[in-house]
Amino acid sequence: MEEILAEMEGKVLKIRLMGTKNDIKWFEKILKRTPKIVVGDFSELYHNKGTDRYYRAYAEIHKANVKEMK
């Protein structure tokens with residue numbers, strides 16, 4: 001996995017997810033199942049200030065070379 005990510009060095013999208021714990025975990029699963037992307041780092045959940053309901057997480061998304069994966 002690290003070798004694949006090293007080859008994609010310049011092709012990274014860094015995103016911040018905000019929502020409930022369940023929403024973030026649900027979306028993380030969707031990201032990991034999507035064949036056109038490779039999920040690099042996915043952070044732990046952090047509390048959003050001022051609320052007990054909403055959290056945030058950070059993810060690095062890499063573009064997968066679908067042709068090479070087949």
Side-chain angles (χ1 to χ4, degrees):
M1 175 71 146
E2 290 179 18
E3 296 168 0
I4 295 170
L5 296 179
E7 291 176 15
M8 302 177 184
E9 188 64 34
K11 302 173 186 173
V12 64
L13 178 65
K14 295 184 179 190
I15 59 172
R16 178 176 66 180
L17 303 166
M18 294 190 336
T20 64
K21 284 182 180 182
N22 288 338
D23 290 342
I24 293 172
K25 290 177 183 180
W26 164 77
F27 196 68
E28 178 183 8
K29 289 177 186 176
I30 289 173
L31 289 173
K32 290 183 175 179
R33 286 188 220 147
T34 304
K36 292 186 177 184
I37 62 173
V38 176
V39 178
D41 291 331
F42 202 98
S43 76
E44 61 186 81
L45 294 174
Y46 298 99
H47 285 281
N48 272 354
K49 293 180 183 177
T51 179
D52 291 333
R53 183 173 180 203
Y54 295 105
Y55 293 80
R56 68 187 185 283
Y58 302 90
E60 288 188 0
I61 308 298
H62 302 269
K63 183 178 178 181
N65 190 341
V66 179
K67 292 178 184 175
E68 289 181 5
M69 297 176 77
K70 291 182 179 181

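As the structure is a prediction and not an experimental result, all values here were calculated from the model. In what follows, every heavy atom counts, from backbone to side chain, and hydrogens, waters and symmetry copies are set aside.
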Query raised in the report: Taking only residues two or more places apart in sequence or in another chain, which ones pass salt bridge (Lys or Arg N to Asp or Glu O under 4.0 Å) with K14?
Result: E60
Report task. Would you please name every residue forming a salt bridge (Lys or Arg N to Asp or Glu O under 4.0 Å) with K25, sequence neighbours left out? Result -> none
Query - Non-hydrogen atoms of A64 and V38 that approach each other most closely - result: CB-CG2, 3.8 Å
Report summary line: By side chain to side chain donor-acceptor pair (under 3.5 Å), K21 pairs with (sequence neighbours left out) none
Query raised in the report: Which residues satisfy the side chain to side chain donor-acceptor pair (under 3.5 Å) test with T20, sequence neighbours excluded?
Result: D23
Query raised in the report: Are L13 and I24 connected, step by step, through hydrophobic side chains (Ile, Leu, Val, Met, Phe, Trp, Tyr) whose heavy atoms are closer than 4.5 Å?
Result: yes
Query raised in the report: Are L31 and W26 connected in the hydrophobic side-chain network, where two residues link if heavy atoms are under 4.5 Å apart?
Result: yes
**Report entry** Straight-line distance of R16 CZ to S43 OG, nearest 0.5 Å
**Finding:** 11.0 Å
Report summary line: dist D41:CG -> H62:NE2 (nearest 0.5 Å) comes out at 7.0 Å
Report task. Give a yes or no on this: more than 12 heavy atoms of other residues, nucleotides or ligands lie within 6.0 Å of atom CZ of F27. Result -> no
**Report entry** Contacts of A59 that satisfy side chain to side chain contact (heavy atoms under 4.5 Å, CB included) - sequence neighbours left out
**Finding:** I15, F42, I61
Report summary line: Here the side-chain hydrogen bond (donor to acceptor under 3.5 Å, both in side chains) pairs for residues 44-55, sequence neighbours left out, are N48-R56
